[in-house]
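Notes to accompany the following structure.
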Protein chains: 2
Amino acid sequence: MTGAVPAATVARLPGYLRALRELDERGEATTSSERLAALAGVGPAQLRRDLSWLRPRGVRGVGYDVALLRERVSQALGAGADLAVVIVGVGHLGHALASHLGGEGSGFRVAALVDADPGVVGTTVAGLPVEDDREVADVVRREGAVLAVLATPVDVAQQVCDRLVAAGVRGILAFTPVALRVPPEVTVRSADVAAELQILAFHTQRQG
Amino acid sequence: MTGAVPAATVARLPGYLRALRELDERGEATTSSERLAALAGVGPAQLRRDLSWLRPRGVRGVGYDVALLRERVSQALGAGADLAVVIVGVGHLGHALASHLGGEGSGFRVAALVDADPGVVGTTVAGLPVEDDREVADVVRREGAVLAVLATPVDVAQQVCDRLVAAGVRGILAFTPVALRVPPEVTVRSADVAAELQILAFHTQRQG
DNA sequence: AGTTGTGAATCGATTCACAGCC
DNA sequence: GGCTGTGAATCGATTCACAACT
């Protein structure tokens, strides 16, 4: 298939990439859709349909070349490119995320930390200086960041979001419980922990 | 409508609940689907269709009663019930999540913290003692927890998950990048930060 | 007059099932 | 013989558009 990759497919690609990494590290050079799908927790038909958008060049009767496929998926996801990410809001969560993502090969580079609290600005967190909120735009441009993590209090989230967008950020991961308004060329994904727990709570009430 | 609420609808309910809370706090007693939808960032038709699963009892020509609707949604999501949540893995992320959820009215009660590291077990984090990993089952049963947050290293995630499920946990929020295997009555939601960033990275590459 | 609730239509995503290829 | 890639079928979710109601 050719054309735009469906959003539902994109959302599963990271899972495939992880599974491929696992196979690669085990030294398995080739894999079947059945095996890979099992590792990723989906059905084989779905996996093949998803991969078909990436021109996978699998071999009928044999399977996929792990290294090649890994490269394809990795490239689609911008992994390995070490894209710059700016973290806005260095409270408990922002701090933890800085360490978490900064740590090892997450595939991303935490380029800068930004906060509004004068007591935090100037300190060093996870090896990086915390910079001033109001200079967010400069920071984004300086680092060439296209991605941002938003971990501020709710009431300033939209304002910070606007500044990020104006500075050229194209994707925002929001830990803040609010529906951010952004222009259509910017993508927002919600990572609201309480909301996720609420969804789980719903499911536990049903079907039990 | 009656019957099982679609998963896609459930995933939007927390957003509606937040919007309703906002209206309620502003003292607005009644609202239209148009207004509520705008606050939640969805279309009015979708909002009405979603709410129809909850028997909303809106009034034609007038709108919805905010307090009543809030109660309906809140109840569906188990919010206000202060469900017990156990956090497993008290590293950077687990620590931050404990503070984040324990803090204010998240609608959940962080009932216990659990870790494998002997250097962490016994310490107090966010006002709670960190308990031993191996007693996870006892802790879950003691607190009557049906929900768990999984923030352990990858390599022990499946094992911990198995113990949680055996102890009666029905919903797991996993920050670990791995496809957990659980029986069908247990729901898992992934909150893998790196994966979320990868998805955003994909979208920034296209269309722009 | 104005807004909900919902059939009907549309759109998108998943699954089936098999032709095509190694 | 075995596995991929994909048309066709199915399933689910969104949107349209309007009848029902206050």
Nearest-Å distance for atom pair [atom1]/[atom2], residues [X] and [N]:
| X | N | atom1 | atom2 | value |
| --- | --- | --- | --- | --- |
| A:Q46 | D:dG5 | CD | C1' | 15 Å |
| B:L54 | C:dT4 | CG | P | 15 Å |
| A:L69 | D:dG5 | CG | P | 9 Å |
| B:E34 | D:dT15 | CD | P | 14 Å |
| A:D50 | D:dT4 | CG | P | 14 Å |
| A:W53 | D:dT6 | CH2 | P | 10 Å |
| A:L51 | D:dC3 | CG | C1' | 13 Å |
| A:D65 | C:dC22 | CG | P | 16 Å |

Exercise for the section: Compare all side-chain heavy atoms of B:L23 with those of B:Y64 and state whether any distance is below 4.5 angstrom. Expected result: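 The answer is no; the side chains never approach within 4.5 Å.
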
Handout entry: Any side-chain heavy-atom pair of B:I199 and A:T187 under 4.5 Å
Key = no

Which atom pairs, one a donor and one an acceptor, fall under 3.5 Å between side chains of residues 10-19 of chain B and the rest of the protein, sequence neighbours left out?
from	atom 1	to	atom 2	distance (Å)
B:R12	NE	B:Q46	OE1	3.0
B:R12	NE	B:D50	OD2	2.7
B:R12	NH1	B:Q46	OE1	3.1
B:R12	NH2	B:D50	OD1	3.1
B:R12	NH2	B:D50	OD2	3.3
B:Y16	OH	B:D50	OD2	2.5
B:R18	NE	A:P177	O	3.3
B:R18	NH1	B:E22	OE1	3.1
B:R18	NH2	B:L39	O	3.4

Under-4.0 Å side-chain N/O to phosphate OP1/OP2 contact, [X] with [N]:
| X | N | value |
| --- | --- | --- |
| B:Y64 | C:dG2 | no |
| B:R49 | C:dA8 | no |
| A:S33 | D:dT4 | yes |

For [X] and [Y], indicate whether the former's side chain and the latter's backbone hold a donor-acceptor pair under 3.5 Å.
| X | Y | value |
| --- | --- | --- |
| A:S99 | A:A126 | no |
| B:S52 | B:R49 | yes |
| A:R163 | A:D133 | yes |

Exercise for the section: Mind checking B:R12 for me? I need base, sugar-phosphate or nothing, with any heavy atom below 4.0 Å counting as a touch. Expected result: sugar-phosphate

Exercise for the section: Indicate, with a heavy-atom threshold strictly under 4.0 Å, whether A:P56 touches base, sugar-phosphate, or nothing. Expected result: sugar-phosphate

Exercise for the section: Would you state whether a donor and an acceptor, one from the side chain of A:R57 and one from the base of D:dG5, lie under 3.5 Å apart? Expected result: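 There is none.
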
Problem - Whether over 12 other heavy atoms sit under 6.0 Å from B:Q75 CD - result: no

Completion exercise
5' to 3', nucleotides 17-22 of chain D under a 4.0 Å protein heavy-atom cut-off (B base, S sugar-phosphate only, - none) gives B-BBBB

